[in-house]
Number of protein chains: 4
Amino acid sequence: MNVHSAIHISAMMDANREKSVSEAFSSYRTATSTHSGGSKREAILEAALLLFAERGFHGTPVPLMAKKAGVGAGTIYRYFESKEALVNALYQRWKGRLGELVLTDFQLDASPREQLRQYWTRMCTFVREHPQAFKFLEAHHHGPYLDETSRALEMSILGPALTFIELAQAKGLIKAGPPEVFLAAVNGILVGLVKASWAGNLELTPEILAQGEACAWEAIRA
Amino acid sequence: MNVHSAIHISAMMDANREKSVSEAFSSYRTATSTHSGGSKREAILEAALLLFAERGFHGTPVPLMAKKAGVGAGTIYRYFESKEALVNALYQRWKGRLGELVLTDFQLDASPREQLRQYWTRMCTFVREHPQAFKFLEAHHHGPYLDETSRALEMSILGPALTFIELAQAKGLIKAGPPEVFLAAVNGILVGLVKASWAGNLELTPEILAQGEACAWEAIRA
Amino acid sequence: MNVHSAIHISAMMDANREKSVSEAFSSYRTATSTHSGGSKREAILEAALLLFAERGFHGTPVPLMAKKAGVGAGTIYRYFESKEALVNALYQRWKGRLGELVLTDFQLDASPREQLRQYWTRMCTFVREHPQAFKFLEAHHHGPYLDETSRALEMSILGPALTFIELAQAKGLIKAGPPEVFLAAVNGILVGLVKASWAGNLELTPEILAQGEACAWEAIRA
Amino acid sequence: MNVHSAIHISAMMDANREKSVSEAFSSYRTATSTHSGGSKREAILEAALLLFAERGFHGTPVPLMAKKAGVGAGTIYRYFESKEALVNALYQRWKGRLGELVLTDFQLDASPREQLRQYWTRMCTFVREHPQAFKFLEAHHHGPYLDETSRALEMSILGPALTFIELAQAKGLIKAGPPEVFLAAVNGILVGLVKASWAGNLELTPEILAQGEACAWEAIRA
DNA sequence: CATGAATGAGTTTTCATTCAT
DNA sequence: AATGAATGAAAACTCATTCAT
């Protein structure tokens, strides 16, 4: 797998709604400005995001989502075939957005140190701007209700990331070993920090995030 | 909080069952060899552990647990007041065991590098011997159904760990900064590796775990 | 307590549904002519009345009520928070109706003999028109599932009745002694007759009811 | 039906246990002094009496009765075929005792006024000495779980009482009309007073009971 | 005999989904 | 298209009864 797989990410997003690549690619960009039909769909997805993040998939009744979204319970089923379809659409949307954010215009030719900085910064941006989405993605990683498309999306970020690590290893700038280890380390540190902040043990200030980035680099540098 | 708080961990384990500290302390040690009265309780806790780990609290119906445990559905309520009481007992049992495993006879006077090795090794032992328990603890960290006792147990491991980090920082052997950052980094790397293995991206061989430990040390060393 | 407390009765009726006094006052009058939204509620209350009267609160499963009411079991919980809330609503409704029937436009200045006749007649009317309601009220008098509001309603009929007895005693027309004794006697005779009819030992003809009224008067007259 | 039907009462008591008339007749007299096997049966019946009186048949779990009786849950089923059999045995025991108390050596040739006094006094004795039994009998009068024997027992007291009323009517000492009316009146007054005392509205002092008796007599006298 | 742990049918209650309006 | 009342299947939990000890 290589960097260019990034272009497939958007195609998988919101897969339950539209199947066309180009449509899918543009759909979420214009999400906030869509009109008739779209605003309710957005409201539902937003309410679902918050509730799934706080209470989990099985812990969130559909009528509660409807109430929070300000729509009728039946309306949800006009936009999504089922609760499962909804959680998959939501997962694909946010995993897709995260993937786009991270991979779009990624500096292919920067130094590994610089690339880590870019990756780290973008992930932190996502965490800051969409904390509930991050929590949702983290909590629903491997729910049995996720379909193949959702699972496949995971790889679209992991794949390019692994490629970058391999390239850096080839240059001797990152430790030798399975690249998955170092990706797990970097992501693990980030997730560790974020979870510590959720638990109230830590505040995610820019300084602390920078500190975390430094740790991540030291963890993987050769 | 200091290292000696470790002795309180056992006292909190299985709190819903016995209240006496000494009893609680010894109860789980003999769990596998318990007499007739306890075997069903053990079967229930074991079935619950597997199912909660795979499907989550809300995703696991009581009758399914009963079937997996080989008991009647009503039997579960002879041992636990409610499904919530069961998940709390389970959480406290395993968090307590993890705490004991990590903290018992911890080398207070070893070097930070050595202490990290010991911590890392013990955590890996737990992951290897009780993978479902680790998954369960990871997934149920902050469920709204956890009671005060369960939440309090969390701190009994975190507390001592933070103390060690502070001591090492004072000696200039670990980076300066909030100790929570470095604890989150170490744990994050471990959890990252374990999750990668769950996802099938990595096999947790001794070599890889050692690699992870090296990363963890580099991440936090001064 | 005086006669005017009667105006509070309606306010307490159906207290679980509406809180406004004026609304509550008029709500049950139009009960039989309610619109689409209320017909199921009425059907549930009617089915519950019959079943609770025949089999008691604990002896009546919710699905049986649902079947008798011609609704789904879940529907009952759209109208009542719980089975307990339902029995309380039912109790308050009928106790309220009985209170209204007895106290509305009661002849404050008639002779005690005439007042007894009026009270007796109205009670008999209630028994004739709502035999199941009378049975229900009689059987659920002091169930532990009744809430404060239900219990309080009891007093709104007893209070005025006691006042009338006291007034008549002051005029020397009713025996001296605690007024509660004579109220118990009058009500006891009525309930005795009704229960005898339930047992099949007696038919509640107008003659027999008149006979009972005569007994009641002789029982309490000075 | 005449007075001599009284001798059949005992024969029906505890019918579920023994069928022989003589045995049945003597069984409850010696109840408190019986030994092996009997004491547990008594404990069960006593616990059941209290619990059924307070919470009703369906509101009383068998395990709770067992606990209150100080026996194992299974033990109850060594003495009674089922919960229904138990409530019937209990009903028959106490209805039988009440019948015996009222009818044994009843003054057949006394004046109606004197006979009422005797009846009233004996009923009051029962209420005073066995308040829970009275409450139990009152509450379980016509439960659907009562069998034919239990229902039949009712008549063994009512029958003789009606005979006495008829005799008194023939002498012109009690009002003309269906004797059931006057029996219902007398019993109704008594039950009314007792229920008022349960509700806390009245204390059953000797004076008040005498007052009640006076009311009862006035209610029925010609 | 006596027990009380065990059970599954039955209870109350919830909830994903449908459908008449 | 949108709704939310209605539903029944399934959830959590209870309890009358059994049976191994």
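In what follows, every chain begins at residue 1, and chains take the letters A, B, ... in the order their sequences are listed.
Each of B:V71 and C:A73 lies near DNA chain E, and the nucleotide nearest B:V71 is the one positioned closer to the 5' end. With the nearest nucleotide of DNA chain F identified for both D:P61 and A:G70, A:G70 has the one nearer the 5' end.
Taking atom CD1 of B:I76 as the reference point, atom C1' of E:dA5 lies 15 Å away to the nearest angstrom. In this structure, the CZ atom of B:R55 is 13 Å from the P atom of F:dA10, given to the nearest Å. Computed from coordinates, the A:L51 CG to E:dA16 C1' distance equals 15 Å when rounded to whole Å. When the P atom of E:dT18 is taken as reference, atom CD of A:E81 falls 9 Å away, rounded to whole Å. One can place CD1 of B:I44 at 13 Å from P of E:dA5, the figure rounded to the nearest angstrom. Residue D:M65 contributes atom CE, which lies 14 Å from atom P of E:dT3 at whole-angstrom precision. Rounded to whole Å, the distance from CD on D:E84 to P on F:dA16 is 12 Å. The distance between atom NE2 of D:H58 and atom P of E:dT11, rounded to the nearest whole Å, is 10 Å.
When heavy atoms are screened at a 4.0 angstrom cut-off, A:V62 is found touching base atoms of the nucleic acid. At the heavy-atom level, C:P63 lies under 4.0 Å from base atoms of the strands shown.
Side-chain contact of D:Y145 with D:H140: a donor-acceptor pair under 3.5 Å is present, judged by distance alone.
Between C:F52 and C:K135, the closest side-chain pair of non-hydrogen atoms is not below 4.5 Å.
Distance from the side chain of A:S82 is smallest for E:dT17 among the nucleotides F:dA12, E:dT17, F:dT7.
Side-chain N/O atoms of B:Y77 include none lying less than 4.0 angstrom from OP1 or OP2 on F:dT14. In this structure, C:R78 reaches the F:dA5 phosphate: one of its side-chain N or O atoms is under 4.0 Å from OP1 or OP2. Contact annotation: A:Y79 side-chain N/O to F:dA2 OP1/OP2 distance is under 4.0 Å. Between A:K67 and F:dG4 there is no side-chain N or O to OP1 or OP2 distance below 4.0 Å. Contact annotation: D:K83 does not reach the phosphate of F:dC15 (side-chain N/O to OP1 or OP2, under 4.0 Å).
Nearest heavy atoms, C:G59 versus D:H58: CA-CD2, 3.3 Å.
For the pair D:K40 and D:Y79, the cation does not sit on the ring face, since its NZ or CZ is not both under 6.0 Å from the ring centre and inside 45° of the axis.
Under 4.0 Å is where a charged nitrogen must lie from a carboxylate oxygen, and between C:R41 and C:E46 no such pair does.
Summarising the base pairing, F:dA16 is matched to E:dT7 through a Watson-Crick or G-U wobble pair whose two defining distances lie under 3.5 Å. Nucleotide E:dT21 is matched to F:dA2 when pairs are restricted to Watson-Crick or G-U wobble geometry with both distances under 3.5 angstrom.
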